[in-house]
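Any value given below was found using the heavy atoms of this structure, including those in side chains, with hydrogens, waters and symmetry copies removed. The sequence lines fix the lettering, A, B, ..., with proteins before strands; numbering per chain opens at 1.
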Amino acid sequence: QLTPSSFLRIGQLSNVDLNEDIHELQTELPRQRPNEIPHNEKLLSLKYESLDYDNSENQLFLEEERRINHAAFRTVEIKRWVICAMIGILTGLVACFIDIVVENLAGLKYRVVKDNIDKFTAKGGLSFSLLLWATLNASVVMVGSVIVAFIEPVAAGSGIPQIKCYLNGVKIPHVVRLKTLVIKVCGVILSVVGGLAVGKEGPMIHSGAVIAAGISQGRSTSLKRDFKIFEYFRRDTEKRDFVSAGAAAGVSAAFGAPVGGVLFSLEEGASFWNQFLTWRIFFASMISTFTLNSVLSVYHGNAWDLSSPGLINFGRFDSEKMGYTIQEIPIFIFMGVVGGILGALFNALNYWLTMFRIRYIHRPCLQVVEAMLVAAVTATVGFVMIYCSRDCQPIQGSSVAYPLQLFCADGEYNSMATAFFNTPEKSVVNLFHDPPGSYNPMTLGMFTLMYFFLACWTYGLTVSAGVFIPSLLIGAAWGRLFGISLSYLTKGSIWADPGKYALMGAAAQLGGIVRMTLSLTVIMMEATGNVTYGFPIMLVLMTAKIVGDYFVEGLYDMHIQLQSVPFLHWEAPVTSHSLTAREVMSTPVTCLRRIERVGTVVDILSDTSSNHNGFPVVESNPDTTQVAGLRGLILRSQLIVLLKHKVFVERANLSLVQRRLKLKDFRDAYPRFPPIQSIHVSQDERECMIDLSEFMNPSPYTVPQEASLPRVFKLFRALGLRHLVVVDNRNEVVGMVTRKDLARYRLGKEGLEELSLAQT
Amino acid sequence: EGSAALTGCLGRRARPVRLCQGCHGHYRRLLALYGSIARAVGNSSESHNCAKSILTSDRLQIVVTLSEFFNETWEAANCANCLKNNSEGLSNSTEEFLDLFNKSLTCFEHNLQGETVYLSLNNYTEVCKNCNETYTKLNDLYNNLQRMNRKGGESGHSAHLCIDVEDAMNITRKLWSRTFNCSLPCSDTVPVIAVSSFILFLPIVFYLSSFLHSKQKKRILILPKRIQSNASLVNIQEKYS
């Protein structure tokens, strides 16, 4: 039996290193009881639960299935397609809205600052312009940060880590609510207008996911409106599939890359993938990009021009003008290596910064102040660089919307201003397509350096903002620099077109930071509209990923770890075959009998020391010496609905219950089930019995205790389970495996390591 | 002969560019001539054959090539921009511009003449001071013309003004900025440095104060409920001893 001291000892150790000497393991005594430790990335938080992806096939469900005939199933399938179409249309419209509002507001801000600068250039007093620019930035970002920090903190960041976790099966609180969508959209508009070094593409994915989750339920819990449609889809299984479609629609609207969107969902979310789901997701993505394209064309005055398929448009890459030869492949691979190293540097710096922020800057007002400061400093850095730059170039055509003349000769414009005084998307497109000789290497170099640190500082703030566009911009800048130096070295050889190298640099940098390979390759291929570039882009991204993974992991994975989310990777860590289910499971398990006293149920649910959500149901024998075999599994949410409707055996006998409980009652309470404290059970009712046979899942997945960890992991992950019961050879419940038990094990630097649980 | 006259006119007025002003008459006449050749009067096949025999009966097609060249050059120069609608003469805005341009040039000459003795000193402050007003007026007028052109010309028209005006402005600007070096001086560096260093200093203060004053966020560890029986420890021991 376990002794309290050994129990304590095991709890203290946060590193189960199988390579360590065993004597150390047994004789190490704790000097003190470290109940509280500063936050680090080797923790798992208790506040994240799994989604109930696995369907509870109780008798109610089977009755419903029997009632629905074949024609009704076809209706359900058609409804799924209709929902996907609506997801696509709405996501496209939201993207249009963001784009149009950002264009107008940012244009207004730039006009005001430009007029001010032009006025004060002649008169002197440019410091006033600097103050004006910094104040404008800071105030806009203050509004953006306040709504995120005080109203909905989960809308901070780009939203991609949260959606990755959701598709992995983790229920992140508030991530797909209407309030989150509103805050996210407003937040991203304000961040971009506020001049921060951010992009608006990442938040599109989160918005698409929220739209999908909202539409597929056919009602709005926040607005308390029930449209009484799509009731079949009110469970986690369907919702998660629709959220994959929504995320893909978001990617497709952001980049004009429908296939890239599908692959993004596939790469991040697929544990349960089938062909129909792929078709529906593709359908949603296509509709999303088409909607965005047509609405933006109408807005820009040339209807049916269909030339802006995404929020960012990389422009046409012509194979004739910008082809590549096989001698350039090693150069591209070298650029991939550089991208990987720079990306690892970016991630490492951001890691320290985020750790500092989590530990010390956790009050909302401090977070708002920090965001304001970053905005002001961004404006200052931009202004100082423009002020000090003596590089003047005549502009060709109308490639720059707000040219700043500053101290240049008339007819010429400050070229640093074309980089800093522009929205990042336009700067990226300029870097790709401007003819050789438009950029001064010194200007470009300084810009790259400054923007790198600004972007690294900005990501992780409490604002809604993405990191795709800043990384593309940094990569395009140093890629172009690389191309310029290459053509200088080879004395103007014809194949060193800097725009092509800008594209490769952008891909390398983005790959080095986010480490997505498959979906990113396709996204870039579709965004540039040229399949020939697919091969070098793929090489560059793979190289960047390999080099970067050697040092640090990707930015999103890093943030997921820092938030202590129990994320399950594709497979169990490779050296974990020695662990069995017996060592992994949690025990003892709180079980319920098939016919259980209401008082016991209420007490178990109200127990605050252990917040269980699933309870194995064992046979209820009057003779307690006999073994109680596993009969089923019941969830906390189901018990709460039963208690609310007072479905007790005595009441049924007295015919007090007018109608039997149907599946609809469970679906109506989904997803925000009331807490146990709001259910009032009187003293008399506590003595009643409750029969769980109809409502429990009679065939829960079980696993014997000798099963190895990888086997348990595979079962859990592939089926999207929430609870996995561990039984012995007599079908008795021995323990329970949940997500936290499995996510604990990770392959660290020295070997298998175990994370500790913490309350956050 | 028409084309010879036009070519001569273009060549003579190539630098500084005056071809819109000087050659528009020649161009109009040539255009009319070509039109009368190419157009088929009535439906008679006779004049049709006439056009064909002049224009397209050999491989080189010199007449067509020449006419295309003149048309393209005229379009590229965008002379239509500074001529009146019926192409009879220069438009009012163009005349105003050229007037100011001449005034600026005379102003430059006038102020420079007095300094020929002191050319070695390269001191152009007189020019800058006296001609500033004229030059600013010229510059503003040019910017206005450009803005109006851009506004009216977003649907298909060229973004450029006519080449005479552009070139005149270019020359003036080069003289003003490069030769005379009269551009605006880089003033008030000190206040800019002061304000920017203040703003750049604020985050450092912020981070230091939050590091020193905020309570570090601590996490409470939860002990897991698991079996760690001797059997399993033996399991691990067996593998590694």
Side-chain angles (χ1 to χ4, degrees), chain A residues 2 6-8 10-11 18-19 22 25-26 34-39 43 46 121-122 124-127 130-131 134 356 358-363 366 369-370 373-374 376-377 380-381 383-384 387 397-398 407-411 578 582-588 610 735 741 756-760, chain B residues 135 139 142-143 150 154-155 159-160 169-170 172-174 176-178 183-200 202-203 205-207 210-233 235-237 239-241:
Chain A
L2 26 89
S6 68
F7 192 62
L8 215 64
I10 302 306
L18 297 178
N19 289 327
I22 296 306
L25 210 81
Q26 287 179 327
N35 260 347
E36 283 197 350
I37 55 166
H39 180 91
L43 291 175
L46 282 184
T121 310
L126 272 178
S127 49
L130 167 61
L131 270 179
F356 184 86
I358 294 181
R359 286 191 189 171
Y360 296 101
I361 309 181
H362 42 83
R363 292 209 323 258
L366 286 181
V369 170
E370 191 189 6
L373 284 178
V374 174
V377 169
T380 311
V381 166
F383 186 87
V384 167
Y387 190 84
S398 56
F407 300 119
C408 284
D410 298 313
S578 49
R582 196 174 155 70
E583 284 142 33
V584 168
M585 68 190 186
S586 292
T587 193
S610 56
D741 300 313
S756 9
L757 298 175
Q759 190 79 37
T760 58
Chain B
Y135 175 75
N139 209 13
Y142 183 73
N143 284 335
R150 206 173 297 152
E154 258 162 17
S155 50
H160 295 276
M169 197 63 225
N170 236 359
T172 326
R173 277 177 172 166
K174 254 195 266 199
W176 187 257
S177 314
R178 301 269 169 77
S183 330
L184 303 157
C186 181
S187 61
D188 71 27
T189 321
V190 176
V192 168
I193 293 184
V195 174
S196 47
S197 10
F198 171 68
I199 296 184
L200 289 173
L202 283 178
V205 170
F206 173 74
Y207 282 123
S210 51
F211 177 66
L212 295 172
H213 290 228
S214 280
K215 247 175 50 134
Q216 203 185 102
K217 190 108 182 219
K218 297 270 208 272
R219 303 290 190 210
I220 305 171
L221 281 181
I222 308 287
L223 304 175
K225 288 178 355 188
R226 288 195 298 165
I227 295 179
Q228 278 292 342
S229 57
N230 290 331
S232 64
L233 278 181
N235 222 359
I236 302 177
Q237 202 173 16
K239 291 181 190 31
Y240 286 95
S241 56

So, for A:Val381 and B:Leu200, which heavy atoms are closest and what is the spacing to 0.1 Å?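 That would be CG2-CD2, 4.2 Å.
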
Taking C-beta and beyond as the side chain, do A:Thr380 and B:Val195 meet within less than 4.5 Å on heavy atoms?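 When only atoms from C-beta onward are counted, B:Val195 and A:Thr380 do not touch, as no gap falls below 4.5 Å.
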
Are B:Pro203 and A:Val374 side-chain neighbours, meaning at least one heavy-atom pair lies under 4.5 Å?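 In short, these two side chains do not touch, never coming nearer than 4.5 Å.
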
Would you mind checking which part of [X] comes under 4.5 Å of any heavy atom in chain B, side chain (CB onward), backbone (N, CA, C, O), both or neither?
{"X": "A:Ala134", "value": "side chain"}
{"X": "A:Val377", "value": "both"}
{"X": "A:Leu366", "value": "both"}

Check whether B:Phe198 gets within reach of chain A through its side chain, its backbone, both or neither, counting any heavy atom under 4.5 Å.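 Nothing of B:Phe198, per the 4.5 Å heavy-atom cut-off to chain A.
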
Counting heavy atoms not belonging to A:Phe356, are there more than 12 under 6.0 Å from its CZ? yes

Run the numbers on B:Tyr207 and A:Tyr360 for ring-ring contact (aromatic ring centres under 6.0 Å, His included), then give the verdict. CA-CA 9 Å; B:Tyr207 282 123; A:Tyr360 296 101; over 10 Å; no

The reported gap from CZ in A:Arg359 to OG in B:Ser210 (rounded to nearest 0.5 angstrom) is 13.5 Å

Gap between atom CD1 of B:Ile193 and atom CG of A:Leu130 - 0.5 Å precision: 11.5 Å

Does the side chain to side chain contact (heavy atoms under 4.5 Å, CB included) test come out yes or no for B:Ser196 and A:Tyr387, once each step is laid out? CA-CA 11 Å; B:Ser196 47; A:Tyr387 190 84; over 6 Å; no

